[in-house]
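Just the heavy atoms: all of them, side chains too, but no hydrogens, waters or symmetry mates, feed the values below. Whatever order the structure lists ligands and atoms in, that order sets their numbers, starting from 1. On a predicted model such as this, the values are computed, not experimentally measured, just so you know.
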Amino acid sequence: MSKIKIGVLISGGGTNLQSIIDQIHKSNENGEIVLIASNKKNAYGLTRGKENEIKTIYLNPKEYEDSDAYNEALLAHMLIEKVDLVILAGYLKILNHKWIGQYPNRIINIHPSLIPKFCGKGYYGLKVHQAAIETGESETGATVHLVDEGTDTGPILIQEKLNILKNETAEDLQKRVLEIEHRILVEAVRYYCKHETFENLRG
Ligand code: GRF
């Protein structure tokens, strides 16, 4: 059986990408990363890809007329590599309708909160955790969800919670949530590689 071809979009450090490399790509699993694409030239995730001999590309958004033109160029690279499953692993741009049409229910995103809390425009990085602390939440967590045309609005696949500790800083909370992210993202990808669908995941 041929392996599920995975494309990963990143904008930053790529610790979530690393967990997919280690636990899916390099393990004896039915999935391989065939392309890592970034909108940021210096994203460390690109280095992680190169170190593992995975094809990487950087596309500069400024070189495209608009966001649709950028999305189309990026999508073309996925199609050339015959990607089956797309993972947004810390990718800070929005995919357009062409992506959703090309990959219905086959694009997932990892977000560091319990969606619908602290998600959508402006909620990224430490800001998500600062908001959870400042609003006095007792718990937070991470969410893997299917991607639609909105920002963090698609159907939820997996969510895992943790308790926010007294006097915990946003930085400390981010580290603990990242551990959850790595675990549930791998779980979702592993499920897809086995079943070729996300239907009934944890169902
Ligand atoms: C993670 O918190 C992810 O949930 C969010 O961006 C961050 C990316 O971290 N979308 P990394 O690049 O995977 O380390």
Side-chain angles (χ1 to χ4, degrees), residues 6-26 31 33 35-52 54 56-59 61 71 74 85-95 99 107-134 137 139-162 164 168-190 192 198:
I6 301 168
V8 186
L9 301 185
I10 57 160
S11 300
T15 63
N16 278 287
L17 163 68
Q18 189 69 53
S19 59
I20 305 294
I21 292 175
D22 293 340
Q23 295 178 62
I24 306 280
H25 182 84
K26 292 204 297 198
I33 302 173
L35 183 64
I36 298 166
S38 173
N39 64 316
K40 298 277 184 197
K41 191 174 182 186
N42 296 322
Y44 187 66
L46 292 173
T47 305
R48 295 179 191 271
K50 286 175 196 145
E51 280 172 353
N52 287 279
I54 299 168
T56 61
I57 53 162
Y58 154 63
L59 292 191
N71 265 304
L74 201 54
L85 172 68
V86 178
I87 303 172
L88 310 189
Y91 181 63
L92 296 177
K93 287 179 74 67
I94 306 293
L95 299 181
W99 279 83
I107 308 175
I108 57 172
N109 181 42
I110 177 78
H111 185 77
S113 77
L114 298 174
I115 291 175
K117 288 193 169 165
F118 313 117
C119 64
K121 210 164 182 279
Y123 282 112
Y124 60 88
L126 267 185
K127 291 180 190 198
V128 180
H129 306 293
Q130 272 155 0
I133 290 170
E134 278 162 19
E137 296 288 318
E139 59 182 22
T140 186
T143 305
V144 178
H145 66 94
L146 289 172
V147 172
D148 60 14
E149 283 178 50
T151 306
D152 304 328
T153 50
I156 291 169
L157 296 175
I158 308 178
Q159 235 171 16
E160 199 175 305
K161 295 178 183 175
L162 54 66
I164 299 178
E168 185 162 27
T169 64
E171 286 80 0
D172 287 343
L173 187 55
Q174 183 179 44
K175 280 188 204 135
R176 294 202 300 130
V177 171
L178 257 182
E179 286 174 20
I180 294 180
E181 292 183 41
H182 298 162
R183 188 165 58 244
I184 65 176
L185 184 59
V186 167
E187 181 183 341
V189 175
R190 188 171 277 150
Y192 187 90
F198 287 110

Which atoms form the tightest heavy-atom contact between L46 and T56, and what is the distance? O-CG2, 3.6 Å

Smallest separation among heavy atoms of P61 and L59, with atom names: CD-O, 3.3 Å

With Y91, which of V8, N39, V147, N109 fulfils side-chain contact (heavy atoms from CB on, under 4.5 Å)? N39

What protein heavy atom sits nearest [atom], and how far off is it?
{"atom": "atom 12 (O) of ligand 1", "answer": "G14 N, 2.7 Å"}
{"atom": "atom 7 (C) of ligand 1", "answer": "G90 CA, 4.2 Å"}
{"atom": "atom 10 (N) of ligand 1", "answer": "I110 O, 3.1 Å"}
{"atom": "atom 9 (O) of ligand 1", "answer": "N16 ND2, 3.8 Å"}

Ligand 1 versus E181: contacting region, heavy-atom distance under 4.0 Å: side chain

Geometric class of the F198/Y192 ring pair [parallel <30°, tilted 30-60°, perpendicular >60°]: tilted

Might you confirm whether atom NZ of K93 has over 12 heavy atoms from other residues, nucleotides or ligands at distances under 6.0 Å? yes

Pull out every atom of ligand 1 sitting under 4.0 Å from any heavy atom of [X], numbered as shown with elements.
{"X": "G13", "result": "12 (O)"}
{"X": "H111", "result": "4 (O)"}
{"X": "T15", "result": "11 (P), 12 (O), 13 (O), 14 (O)"}

Between the side chains of T15 and H182, does any donor sit under 3.5 Å from an acceptor? yes

